[in-house]
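Since the structure is predicted, the reported quantities are computational estimates derived from the model, not experimental observations.
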Amino acid sequence: MTITAPHLGSPAGTWTDAQLLYALEEVVEKELDRHLQVAKDWMPHEYVPWSDGRNFPGLFEDGEAWEKEQSKVTEIGRIALVVNLLTEDNLPSYHHEIASLFGRDGAWGTWVHRWTAEEGRHGIVMRDYLLTSRAVDPDKLEQFRMAHMSEGFEHDHRHSMLHSVAYVAFQELATRISHRNTGHQSGDPVCDRMLARIATDENLHMVFYRNLLKAAFELAPDLTMQAVRDVVVDFRMPGHGIPGFERAAAQMAIGEVYNLRIHHDDVLQPVLRFLKIMEIDGLGPEGRKAQEELGLYMNGLDTEAAKFDEKLAARKARMAARAGA
């Protein structure tokens with residue numbers, strides 16, 4: 001779709017958030033209609049193994065305390081599930097962020113509320129699964145939830161509508177990849193099916209924001225290129241405030257749930273290729289500078305990912321040698 005809005009912006013290419021929101025409203029409406037046509041409603045309770053459930057200690061005399069051995073889930077699966085669920089738990093903060101930026105009226109508002117409703121299913125089904133299957137310590141899970149949500153969430157680029165659209169375009173794909181890989185590494189087919197269903201939602205959300213970002217490039221190419229550059233270079237997952245996140249992230253990297261190679265190959269590159277980011281021309285000085293810096297950063301990240309790959313391969317070789325000894 002080619003967008004023309006000669007009455008908006010300025011010859012210098014400066015835009016206010018209000019102008020961009022207005023200019024992109026038609027695109028949001030189109031993408032919302034497309035999303036509603038392809039998105040499928042699903043029932044969280046249908047993905048939970050309720051027959052495996054039993055009482056925990058507390059009000060019930062027959063309550064059974066949690067022990068790690070009760071779970072079918074692998075250790076790396078348990079770590080990643082907790083991080084993923086706590087990330088989903090902060091939905092109220094995410095809703096506040098995007099509702100404040102995008103508004104609650106018109107197509108933007110309809111999307112904000114629809115997105116929030118769909119994301120709500122993810123936390124519901126994951127918590128029900130984790131508690132019913134006894135995959136995690138329920139007391140620690142609740143303590144982590146309280147600590148994480150009490151901190152709230154403010155993403156690094158909340159000052160800018162364009163930065164926010166760029167961020168979620170990458171973040172939704174990152175979340176999809178993290179959920180999908182967690183399912184693969186969980187060791188439980190029930191968990192894998194549940195996370196595959198969640199990942200399908202996250203992919204549709206990514207497509208919405210990715211297409212919106214493409215439209216923004218047609219309107220304000222220099223500003224959008226700078227926003228993409230800033231977001232890619234400073235990218236952090238929304239769960240970075242979770243207690244013990246750094247250690248969990250390191251374990252997830254080694255466990256091949258989410259690491260530098262996955263981030264480069266499966267998250268950043270697909271979106272950048274779709275946007276044909278390095279082929280965009282007609283940019284002003286600031287836009288060209290951002291484009292060049294983005295290319296340099298991606299090359300550097302690929303080099304860092306290669307180093308990580310070597311270390312991971314060496315680690316696997318050592319573990320295999322010990323197992324065969």
Side-chain angles (χ1 to χ4, degrees), residues 42-54 56 64 66-91 118-145 148 171-206 237-239 242-263 265-267 312 315-316 319-320 323:
W42 54 280
M43 303 299 139
H45 58 267
E46 294 179 356
Y47 288 81
V48 179
W50 297 105
S51 60
D52 291 349
R54 50 200 186 275
F56 287 103
E64 182 180 352
W66 181 83
E67 295 180 7
K68 186 181 295 187
E69 294 72 21
Q70 296 167 349
S71 172
K72 303 174 185 176
V73 173
T74 62
E75 181 64 18
I76 186 58
R78 181 179 300 109
I79 292 167
L81 279 163
V82 170
V83 170
N84 291 354
L85 173 56
L86 292 176
T87 300
E88 299 285 358
D89 274 335
N90 238 350
L91 181 60
E118 291 184 4
E119 287 286 343
R121 290 181 177 137
H122 304 168
I124 291 170
V125 70
M126 289 180 69
R127 174 166 281 97
D128 286 347
Y129 166 80
L130 291 178
L131 296 181
T132 302
S133 66
R134 291 185 171 243
V136 300
D137 183 334
D139 292 343
K140 287 186 177 179
L141 183 64
E142 177 60 10
Q143 291 162 7
F144 284 154
R145 187 190 71 85
H148 185 45
Q171 180 265 319
E172 292 283 6
L173 182 53
T175 305
R176 170 208 163 192
I177 295 297
S178 182
H179 282 312
R180 202 69 193 94
N181 288 343
T182 298
H184 292 328
Q185 301 285 358
S186 69
D188 182 7
V190 174
C191 180
D192 193 22
R193 287 194 296 270
M194 172 191 67
L195 292 177
R197 176 59 260 186
I198 293 174
T200 299
D201 281 0
E202 304 289 12
N203 194 63
L204 290 178
H205 298 162
M206 178 276 295
M237 290 292 274
I242 292 171
F245 177 79
E246 294 300 328
R247 184 170 186 273
Q251 292 170 305
M252 290 167 67
I254 294 171
E256 297 182 90
V257 172
Y258 200 95
N259 55 40
L260 278 179
R261 175 54 62 199
I262 292 169
H263 183 60
D265 291 1
D266 299 336
V267 176
L312 185 59
R315 185 178 188 277
K316 287 182 177 179
M319 292 178 66

Practice task
May I have the step-by-step check of side-chain contact (heavy atoms from CB on, under 4.5 Å) for V190 and S133, ending in yes or no?
Solution key: CA-CA 10 Å; V190 174; S133 66; over 6 Å; no

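- Rounding to the nearest 0.5 Å gives a distance of 12.0 Å between CZ of R261 and CD of E256.
- Put simply, OG1 on T74 and CG on D188 are 9.5 Å apart, with the number rounded to the nearest 0.5 Å.
- E46 has no carboxylate O lying under 4.0 Å from a charged side-chain N of R197, or vice versa, which leaves the two without a salt bridge.
- Atom OG of S178 and atom CD1 of I198 lie 11.0 Å apart (nearest 0.5 Å).
- Shown here for M126 and M194, the closest heavy-atom pair between the two residues is CA-SD, 4.0 Å.
- Residues G123 and L85 share a closest heavy-atom pair of O-CD1, 3.7 Å.
- Of the candidates E119, Q171, R176, E119 is the only one forming a side-chain hydrogen bond (donor to acceptor under 3.5 Å, both in side chains) with H205.
- Side-chain contact between M252 and N259 is absent, with no heavy atoms from C-beta onward closer than 4.5 Å.
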Practice task
Go through the steps for F144 and V136 under the test side-chain contact (heavy atoms from CB on, under 4.5 Å), then give the verdict.
Solution key: CA-CA 12 Å; F144 284 154; V136 300; over 6 Å; no

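- Residue R145 holds its CZ atom at 6.0 Å from CZ of R127, rounded to the nearest 0.5 Å.
- In summary, of the residues considered (H184, H122, E88), a side-chain hydrogen bond (donor to acceptor under 3.5 Å, both in side chains) with H179 occurs for E88 alone.
- I262 CD1 to R180 CZ: the interatomic distance, rounded to the nearest 0.5 Å, is 13.0 Å.
- Heavy-atom minimum distance, Q251 versus I76: O-CD1, 3.2 Å.
- In plain terms, the two heavy atoms of A248 and I79 that are nearest each other are CB-CG2, 3.9 Å.
- Checking side-chain atoms of W50 against main-chain N and O of H45 turns up a donor-acceptor pair under 3.5 Å.
- Judged by distance alone, the side chain of R78 and the main-chain N or O of A135 form a donor-acceptor pair under 3.5 Å.
- Side chain of S186 to main chain of G183: a donor-acceptor pair is present (N/O by atom type, distance under 3.5 Å, no hydrogens or angles).
- Of the candidates I177, V257, V83, V257 is the only one forming a side chain to side chain contact (heavy atoms under 4.5 Å, CB included) with T182.
- Ring pair Y258/H263 is tilted by interplanar angle, where 30° to 60° counts as tilted.
- For W66 (side chain) and F56 (main-chain N/O), no donor-acceptor pair under 3.5 Å exists by modelled atom type.
- Salt bridge annotation for E75-K68: present, with a cationic side-chain nitrogen under 4.0 angstrom from a carboxylate oxygen.
- Nearest heavy atoms, W42 versus R121: O-NE, 3.3 Å.
- More than 12 heavy-atom neighbours from other residues, nucleotides or ligands sit within 6.0 angstrom of CZ on R54.
- Taking each heavy atom of P238 and T87 in turn, the nearest pair found is CG-CG2, 3.7 Å.
- Residue N90 holds its CG atom at 8.0 Å from CD1 of I242, rounded to the nearest 0.5 Å.
- Taking 4.5 Å as the limit, some side-chain heavy atom of M237 sits within range of a side-chain heavy atom of T175.
- In this structure, L195 and L81 have side chains that are in contact, with non-hydrogen atoms separated by less than 4.5 Å.
- Residues H148 and D89 have side chains that never bring a donor and an acceptor to within less than 3.5 angstrom of each other.
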